[in-house]
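A short write-up of the structure that comes next.
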Amino acid sequence: QVQLVEGGGGSAQTGGSLRLSCAPSGRTSSVYVMAWFRQAPGKEREFVAAARRSASNAEYADPVKGRFTIFRENPKNTMYLQMNSLKPEETAVYYCAAQSVVYDLRRAAEYRYWGQGTQVTVSS
């Protein structure tokens with residue numbers, strides 16, 4: 001089993017920055033792909049970014065490209081999401097997800113392990 005503990009959520013002004021963290025514990029050797037999803041009230045969970053262990057081939061949702069950066073610190077395997085130039089419509093609960101093998105990085109159903117979520121609120 002793998003447990004994911006998220007941190008770093010909070011409030012920011014429009015145009016501000018936040019950094020989220022996700023620390024895995026347990027059988028971390030099975031954590032090869034890690035990702036971030038978010039869910040706003042009344043909306044479906046949506047993909048934000050993902051990276052395999054090398055992080056050299058990170059993938060981003062179009063709305064966050066150029067503003068968000070996902071990176072991992074090995075060997076602890078902690079994952080971060082640096083969010084810059086935040087917008088009010090990005091207010092949501094952000095979830096960390098992990099899995100050993102993922103074929104479609106953007107598909108939430110492919111991830112077995114999930115964090116509890118951390119709230120991000122962006123005010124105008």
Apply side chain to side chain contact (heavy atoms under 4.5 Å, CB included) to Met79 and Leu81, showing your working.
-> CA-CA 7 Å; Met79 177 178 68; Leu81 183 68; over 6 Å; no
Contacts of type salt bridge (charged side-chain N to carboxylate O under 4.0 Å, His left out), residue Lys65, not counting sequence neighbours | Asp62
Got a sec, which residues hit salt bridge (charged side-chain N to carboxylate O under 4.0 Å, His left out) with Glu110, two or more places apart in sequence or on another chain?
-> Arg107
State, to 0.1 Å, how close [X] and [Y] come at their nearest heavy-atom pair, and which atoms those are.
| X | Y | answer |
| --- | --- | --- |
| Ala108 | Trp114 | O-CZ2, 3.4 Å |
| Gln116 | Leu4 | OE1-O, 3.5 Å |
| Asn77 | Met34 | O-SD, 3.4 Å |
| Leu18 | Val120 | CD1-CG1, 3.8 Å |
| Leu86 | Ala12 | CD1-CB, 4.0 Å |

Here the disulfide bond (SG atoms under 2.5 Å apart) pairs for residues 57-90, sequence neighbours left out, are none
So Ile70 and Tyr80, side chain to side chain contact (heavy atoms under 4.5 Å, CB included) or not? Walk me through it.
-> CA-CA 6 Å; Ile70 185 172; Tyr80 299 90; over 6 Å; no
Name all residues meeting the side chain to side chain contact (heavy atoms under 4.5 Å, CB included) criterion together with [X]; count only those two or more places apart in sequence or in a different chain, and write none if there are none.
| X | result |
| --- | --- |
| Ala50 | Ala35, Phe47, Leu105, Tyr111 |
| Ala23 | Thr78 |
| Gln119 | Thr91, Val93, Thr121 |
| Gln1 | Gln3, Arg112, Tyr113 |

Could you go through residues 94-104 and list every donor-acceptor pair under 3.5 Å that involves a side-chain atom there, pairing it with any protein atom two or more places apart or in another chain?
from	atom 1	to	atom 2	distance (Å)
Tyr94	OH	Arg38	NH1	3.0
Tyr94	OH	Glu90	O	2.8
Asp104	OD1	Arg106	N	3.1

Salt bridge (Lys or Arg N to Asp or Glu O under 4.0 Å): pairs with one or both residues in residues 1-30, sequence neighbours excluded = none
When the ring centroid of Phe68 is compared with that of Trp36, is the distance short of 6.0 Å?
-> no
Using a 4.5 Å cut-off on heavy atoms from C-beta on, say whether the side chain of Phe71 contacts that of Gln82.
-> yes
With sequence neighbours excluded, give me every side-chain hydrogen bond (donor to acceptor under 3.5 Å, both in side chains) pair touching residues 8-18.
-> Ser17-Asn84
